[in-house]
Amino acid sequence: MRGRAAVAGLGMTALTRASGRTELELAVEASRAALADAGMAAGQVDAVLSYHMNDSVPVVGVARALGIERLGWHNDISGGGTQAASILGDAAMLIACGVASSVLVYRALNGRSGRRMNTVSTGPQERFTIPYGMAGPIPMFALAAQRYLHETGLGEEHLHAVVAQSRDNAAANPRALRRDPLSLEEYLARPYVCAPLRTVDCCQETDGACALVIRDARLAPEAPRIHAVVRGGGPGCSSMDRSPDVTAVFSAHVAAPLWEASGMRPRDVDVALLYDAYSWLVPRQLEDFGLARRAELGEFLLARRHARVNPHGGLLSEGYVHGLNNVAQAVRELRADRETALVTGFGGSYGSAALLVRPG
């Protein structure tokens with residue numbers, strides 16, 4: 001499917017902490033903006049995809065509200081951040097197989113004022129983990145973070161460098177909810193959610209929506225191309241009871257397949273849109289994708305050599321639309337002057353990654 005599909009349109013709502021609107025209203029606004037950006041009418045869409053965790057509106061509802069009278073392939077994909085990059089692959093496969101020529105992708109949620117991600121789950125797995133303090137995702141990934149920091153020799157000043165750089169990058173982004181600079185002293189004064197993660201080390205909870213229109217590249221010759229997409233995972237920080245390495249996030253499993261599938265190398269990437277649900281995931285992904293060596297991570301971060309990561313501020317500073325806003329930023333970067341963008345989707349030990357390229 002290499003180069004067969006292109007991201008022809010993107011749209012976003014304002015990102016807020018209290019939208020006062022339904023997920024349907026948010027999804028429709030972002031979708032209409034994406035269609036307008038692609039120069040398309042809703043009736044030209046022949047497939048609709050979304051991903052959510054029972055916190056959004058089904059695709060048939062959005063299609064109906066947009067006035068799509070005849071809907072072809074459509075799917076509500078169960079999942080969260082793991083889907084942020086791989087949903088591009090789902091759309092590209094539909095196009096490469098001839099099932100669709102124009103695919104609308106969206107993610108809409110009231111992640112702050114509605115259902116919040118950081119609520120304690122009470123499923124079967126959590127009945128075993130809650131007695132040990134593992135109440136929700138932050139304690140689990142904080143444990144993995146603690147081990148990663150120990151093994152790499154990274155510390156508070158390095159996590160601060162990640163968060164502070166995201167703030168600096170967001171300063172010129174009018175969509176970003178966190179744009180104020182953050183000194184080391186201010187960082188250290190922020191309370192822990194679960195050590196070593198402070199409040200500012202965790203991505204935001206946000207109301208908003210993002211949408212993309214992905215088309216057959218022949219219909220959008222000037223649009224950024226989807227070059228390669230991979231999805232996978234293995235034992236790691238979300239299956240700690242059976243993992244030889246609790247720090248092994250998705251990138252430890254998908255980086256090598258991405259380079260193999262794409263025929264590219266880390267040096268080909270000139271902008272990285274990394275899923276920064278937690279600050280420590282940035283150095284971990286830099287290492288796994290070959291953008292920095294483990295031995296140089298400390299100096300790399302303190303020298304702010306990661307400034308090309310998430311130039312819009314990422315999930316830490318722009319806002320949280322379950323990673324699809326990072327994909328939107330990759331498109332903006334390629335429309336400007338970047339040649340190759342890496343985008344990732346995190347879900348613990350499982351996730352996805354994609355390479356988008358500028359046509360030419």
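Quick note: numbers below take in every heavy atom, side chains included, and nothing from hydrogens, waters or symmetry partners.
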Worksheet item: Below 6.0 angstrom between ring centroids: does that apply to Y350 and F250?
Response: no

Discussion item. Please evaluate residues I226 and I95 with respect to the criterion side chain to side chain contact (heavy atoms under 4.5 Å, CB included), reporting the C-alpha separation (whole Å), side-chain torsions for both, the decisive distance (0.1 Å), and the verdict.
Written reply: CA-CA 11 Å; I226 299 171; I95 290 170; over 6 Å; no

Item to complete: State plainly whether the residues E299 and R305 are in salt-bridge range, i.e. N to O under 4.0 Å.
Response: yes

Worksheet entry | Y187 versus V163, closest heavy-atom pair with distance | CE1-CG2, 4.3 Å

Fill in: Side chains of R215 and S102, donor plus acceptor under 3.5 Å
yes

Worksheet entry | Parallel, tilted or perpendicular, as decided by the 30° and 60° cut-offs, for the rings of Y51 and H322 | tilted

Fill in: L355, L324, V343, L49 screened by side chain to side chain contact (heavy atoms under 4.5 Å, CB included) with L88, the one that passes
V343

Discussion item. Using side-chain heavy atoms (C-beta onward) and a distance below 4.5 Å, is R112 in contact with T206?
Written reply: no

Worksheet item: Do side-chain atoms of S113 reach the backbone of N110 as a donor and acceptor pair under 3.5 angstrom?
Response: no

Worksheet item: Quick one: CG on L342 to OG1 on T340, what's the gap to the nearest 0.5 Å?
Response: 10.0 Å

Worksheet item: Of V62, D46, V59, V48, which is the lone residue that meets side chain to side chain contact (heavy atoms under 4.5 Å, CB included) with I68?
Response: V48

Item to complete: Would you please test V103 and W73 for side chain to side chain contact (heavy atoms under 4.5 Å, CB included) and show each step?
Response: CA-CA 9 Å; V103 184; W73 193 280; over 6 Å; no

Worksheet item: Which pair of heavy atoms, one from L356 and one from V7, lies closest together, and at what distance?
Response: CD2-CG2, 4.1 Å

Discussion item. Could you check whether any side-chain N or O of N310 sits under 3.5 Å from a backbone N or O of L274, counting only pairs where one atom can act as donor and the other as acceptor?
Written reply: yes

Discussion item. On a heavy-atom basis, which atom in D207 and which in S19 lie closest, and how many Å separate them?
Written reply: OD2-N, 2.8 Å

Discussion item. Are N326 and H312 packed together at the side-chain level, in the sense that at least one heavy-atom pair is separated by less than 4.5 angstrom?
Written reply: yes

Fill in: Donor-acceptor pair, side chain of R358 and main chain of L334, under 3.5 angstrom
yes

Worksheet item: Does R147 reach the main-chain N or O of A144 with its side chain, forming a donor-acceptor pair under 3.5 Å?
Response: no

Discussion item. Do R175 and Q329 pair up side chain to side chain, a donor and an acceptor below 3.5 Å, judged on atom types alone?
Written reply: yes

Worksheet item: Mind checking what makes salt bridge (Lys or Arg N to Asp or Glu O under 4.0 Å) contact with R225, not counting sequence neighbours?
Response: none

Worksheet item: Do we see a donor-acceptor contact under 3.5 Å between the side chains of T247 and R284?
Response: yes

Fill in: Heavy-atom check, side chain of V57 versus side chain of T22, under 4.5 Å
no

Worksheet item: S352 side chain to S86 main-chain N or O, any donor-acceptor pair under 3.5 Å?
Response: yes

Worksheet item: How about L177 and T16: do any of their side-chain heavy atoms sit closer than 4.5 Å?
Response: no

Practice prompt. Kindly confirm or rule out a cation-pi arrangement of R198 over Y192, judged by NZ or CZ under 6.0 Å from the six-membered ring centre and within 45° of its axis?
Written response: yes

Practice prompt. Would you name the heavy atoms of Y278 and P137 that are closest together and state the gap between them?
Written response: OH-CB, 3.7 Å

Discussion item. With rounding to the nearest 0.5 angstrom, report the CE to CG distance, M40 to L219.
Written reply: 8.5 Å

Practice prompt. Check whether any side-chain N or O of E296 sits under 3.5 Å from a backbone N or O of R293 as a donor-acceptor pair, and report yes or no.
Written response: yes

Worksheet item: Atom CD of E339 and atom CG of D268: how far apart are they, to the nearest 0.5 Å?
Response: 10.5 Å

Worksheet item: Quick one: CD1 on I87 to OG on S50, what's the gap to the nearest 0.5 Å?
Response: 6.0 Å

Discussion item. Taking E186 first and then R190, would you say they form a salt bridge - that is, a charged N and a carboxylate O separated by under 4.0 Å?
Written reply: no

Item to complete: Given side chain to side chain contact (heavy atoms under 4.5 Å, CB included), test V229 with M1 step by step and report yes or no.
Response: CA-CA 9 Å; V229 186; M1 65 182 182; 3.9 Å; yes

Worksheet item: Do the side chain of Q83 and the main chain of G80 share a donor and acceptor less than 3.5 angstrom apart?
Response: no

Worksheet item: F141 and Y148: aromatic ring centres closer than 6.0 Å?
Response: no

Discussion item. Treating N325 as the side-chain partner and G319 as the backbone partner, does any N or O pair qualify as donor plus acceptor under 3.5 Å?
Written reply: yes

Worksheet item: Are the side chains of D201 and V193 in touch, meaning some heavy atoms are under 4.5 Å apart?
Response: no

Discussion item. On a heavy-atom basis, which atom in A47 and which in V45 lie closest, and how many Å separate them?
Written reply: O-CG1, 3.2 Å

Worksheet item: If you round to the nearest 0.5 Å, how far is CG of L109 from SG of C210?
Response: 11.0 Å

Worksheet entry | Donor-acceptor contact below 3.5 Å, side chain S56 vs main chain H52 | no

Worksheet item: Is there side-chain contact between E318 and N169, with heavy atoms separated by less than 4.5 Å?
Response: no

Worksheet item: Between P235 and S349, which heavy-atom pair has the shortest distance, and what is it?
Response: C-OG, 4.1 Å

Fill in: Short side-chain to backbone donor-acceptor contact, D276 and G314, under 3.5 Å
no

Practice prompt. Could you check whether the rings of Y320 and Y275 sit parallel, tilted or perpendicular, using 30° and 60° as the cut-offs?
Written response: perpendicular

Worksheet item: Are any of the side-chain heavy atoms of T152 and R294 separated by less than 4.5 Å?
Response: yes

Worksheet item: Thinking salt bridges, do R231 and D90 make one under a 4.0 Å N-O criterion?
Response: no

Worksheet item: Is E29 salt-bridged to R21, going by a charged N under 4.0 Å from an acidic O?
Response: yes

Fill in: Test log, rule side chain to side chain contact (heavy atoms under 4.5 Å, CB included), inputs L316 and V162
CA-CA 9 Å; L316 288 170; V162 172; 4.2 Å; yes

Fill in: Flag side-chain contact, heavy atom, 4.5 Å: E260 against V230
no

